[in-house]
Amino acid sequence: MVKRATGTVASESSAATPRWRPFHAGRWRWRWGKDAKGRSAWARGRVLASLAVLTSALMAFHANVPNAVGHLGSLLEAFLPWLGLAVPVLLVLALLRRSATVLVFLLVPAAVWANLFGALLLTGDRGAHDITAVQHNVSDENTAPVDTAKALIKAAPELIALEELTPPASALYEEALAPDYPYHAVEGTVGLWSKYPLEDVRRLDIKPRGIEEGWSRGLRAAARTPWGETAVYVAHLPSVRVRLTGFDSAWRDESAGLLGAAIAAEKLDKVILLGDFNSTVDDRGLAPVTSQMNPQAQDFAFSWPAVFPVSRIDHIMTRSATVTGVRTLPATGSDHLPIAAGIELAS
């Protein structure tokens, strides 16, 4: 009877035991202890730790990556924020490898990325602005120019800059934008629409050597705003290509140099520059331009490609004025997203 009672108690006790197992510190320590080769969690993952250090160095010292071979420095800088994706990838690999060393080393690239781009994740009020400007490469293959124009009007900007205008499409944009933007100028494939009168409009020569005559992608105008006369530049720099020989940006860089020289010679104090520059502001190839303009607003606002934006190659910059914030607008019929920027002109 004693045995039977004992068996009954054991059976009931077993049935009452939960199937899940509570956390056991010893088991966790075993998993992060030595592996089959006798290496501890601090001895494993040296290759992954080296990759973490390399990622940190590329982000922190990207300006020191030489451009002499294939413009690799410019290629790196064009997609610099995306190096941060190495951190979660290496984190997963560190956990699978059970390497405490890699977890510690990952703090370095995470800190570098946060220092470079962390502020761009912050949202909120970017500050008051006097006018809004819109920049959009509308694409010469856009089949809905009128709908594109209507979409841009919804942002209620005072200035609209367009690139890749074709003669047939340009007429449609002029007709659609005329009721709200009585002043406009078109030079070659770029155009500017304004609520303010435009004066001293002229073609801006940013054509690199080697490109055929008739290539015209720049204009300059003076807008009479309530805050004084402001020079407005619209530019579309040449495209870049990633080839087997590297990052081909020679024409883009030469055109950026010509644009920078024009801005340096500009007599008006206030300057607004809008355009498709075919790279990000981190790219040293744009230094002739970016070195003369005020610091960029802290926003990602990726504009290309429209289907899955990975880079902001469309820009709105100022001199003696302040861009208070940049945002993307809804997609149109272009392969670029439009961007809008608030600009403070009052000094």
Side-chain angles (χ1 to χ4, degrees), residues 55 58-59 62 71 73-89 109-110 112-127 129 132-139 141-142 148 151-152 154-155 157 160-164 234-242 247 249 252 256 272-287 289-290 293-318 323-343:
T55 301
L58 289 174
M59 287 191 291
H62 60 86
H71 287 80
S74 288
L75 179 60
L76 170 66
E77 290 163 341
F79 299 98
L80 193 61
W82 292 98
L83 280 183
L85 289 178
V87 174
V89 171
V112 173
W113 191 94
N115 179 63
L116 292 174
F117 307 107
L120 277 64
L121 298 176
L122 301 178
T123 58
D125 185 11
R126 296 298 187 185
H129 57 272
T132 298
V134 163
Q135 147 63 28
H136 190 29
N137 180 327
V138 293
S139 174
E141 298 179 354
N142 192 331
T148 298
L152 301 181
K154 289 181 180 179
I160 297 177
L162 304 181
E163 297 85 45
E164 289 200 12
V234 181
H236 184 190
L237 302 187
S239 301
V240 297
R241 296 287 185 268
V242 179
F247 192 56
S249 63
R252 194 280 315 274
I272 298 175
L273 171 62
L274 311 98
D276 173 3
F277 297 163
N278 275 303
S279 196
T280 68
V281 293
D282 297 306
D283 187 341
R284 72 195 70 176
L286 298 183
V289 176
T290 56
M293 312 306 287
N294 289 357
Q296 290 283 289
Q298 295 295 300
D299 299 275
F300 277 119
F302 291 156
S303 62
W304 180 88
V307 65
F308 185 79
V310 298
S311 180
R312 173 142 63 94
I313 63 176
D314 298 273
H315 301 284
I316 300 174
M317 303 180 186
T318 58
V323 175
T324 60
V326 181
R327 70 185 190 278
T328 55
L329 300 178
T332 64
S334 171
D335 57 338
H336 291 240
L337 293 179
I339 64 169
I343 300 176

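Not measured: the values here are computed from a predicted model. The figures here come from the full heavy-atom set of this structure, side chains too, leaving out hydrogens, waters and symmetry mates.
- Residues Leu274 and His315 are not in side-chain contact: their nearest non-hydrogen atoms beyond the backbone lie 4.5 Å or more apart.
- Rounded to the nearest 0.5 angstrom, Arg312 CZ and Phe300 CZ are separated by 10.0 Å.
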Below 3.5 Å, can you tabulate the donor-acceptor pairs from side chains in residues 325-333 to any protein atom, sequence neighbours excluded?
| residue | atom | partner | partner atom | Å |
| --- | --- | --- | --- | --- |
| Thr332 | OG1 | His136 | NE2 | 2.8 |
| Thr332 | OG1 | Ser334 | N | 3.3 |

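- No side-chain heavy atom of Asn294 sits less than 4.5 Å from a side-chain heavy atom of Val323.
- For the pair Trp82 and Leu85, the minimum side-chain heavy-atom distance is below 4.5 Å.
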Audit row: Met293, Val281, side-chain contact (heavy atoms from CB on, under 4.5 Å) steps and yes/no: CA-CA 11 Å; Met293 312 306 287; Val281 293; over 6 Å; no

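- Contacts of Val240 classified as side-chain contact (heavy atoms from CB on, under 4.5 Å), with partners at least two apart in sequence or in another chain: Phe247, Ser249, Arg252.
- From Ile316, atom CD1 reaches atom CG of Leu273 across 9.5 Å, with rounding to the nearest 0.5 Å.
- Side chain of Asn278 to main chain of Pro238: a donor-acceptor pair is present (N/O by atom type, distance under 3.5 Å, no hydrogens or angles).
- One distance of note links CG of Leu162 with OG of Ser139; it measures 12.0 Å at 0.5 Å rounding.
- Nearest approach of Pro157 to Ile160, heavy atoms of both residues: CG-CG1, 3.6 Å.
- Residues His336 and Val138 form no side-chain contact, since every pair of their non-hydrogen atoms from C-beta on lies 4.5 Å or further apart.
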So Thr55 and Val87, side-chain contact (heavy atoms from CB on, under 4.5 Å) or not? Walk me through it. CA-CA 9 Å; Thr55 301; Val87 174; 5.5 Å; no

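- Of the possible donor and acceptor atoms, one in the side chain of Asp283 sits under 3.5 Å from a partner among the backbone N and O of Gly285.
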Walk me through whether Ile343 and His129 qualify under side-chain contact (heavy atoms from CB on, under 4.5 Å). CA-CA 5 Å; Ile343 300 176; His129 57 272; 5.6 Å; no

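- Inter-residue side-chain proximity for Leu286 and Leu237 is flagged as met; some heavy-atom pair is nearer than 4.5 Å.
- Proximity of Leu337 to Trp304: side-chain heavy atoms (C-beta onward) are nowhere separated by under 4.5 Å.
- Without hydrogens or angle criteria, Thr280 side chain to Glu77 main chain gives a donor-acceptor distance under 3.5 Å.
- Inter-residue side-chain proximity for Val134 and Ile339 is flagged as unmet; no heavy-atom pair is nearer than 4.5 Å.
- Here Glu164 pairs with nothing under the salt bridge (charged side-chain N to carboxylate O under 4.0 Å, His left out) rule; sequence neighbours left out.
- A heavy-atom distance below 4.5 Å is not found between the side chains of Leu83 and Trp113.
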For Ile313 and Phe302, what are the C-alpha separation, side-chain angles and deciding distance, and is it a side-chain contact (heavy atoms from CB on, under 4.5 Å)? CA-CA 8 Å; Ile313 63 176; Phe302 291 156; over 6 Å; no

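- Rounding to the nearest 0.5 angstrom, the gap separating the CG atom in Leu116 from the CG atom in Leu80 is 6.5 Å.
- Nearest heavy-atom pair across Ala235 and Phe277 is O-CE2, 3.9 Å.
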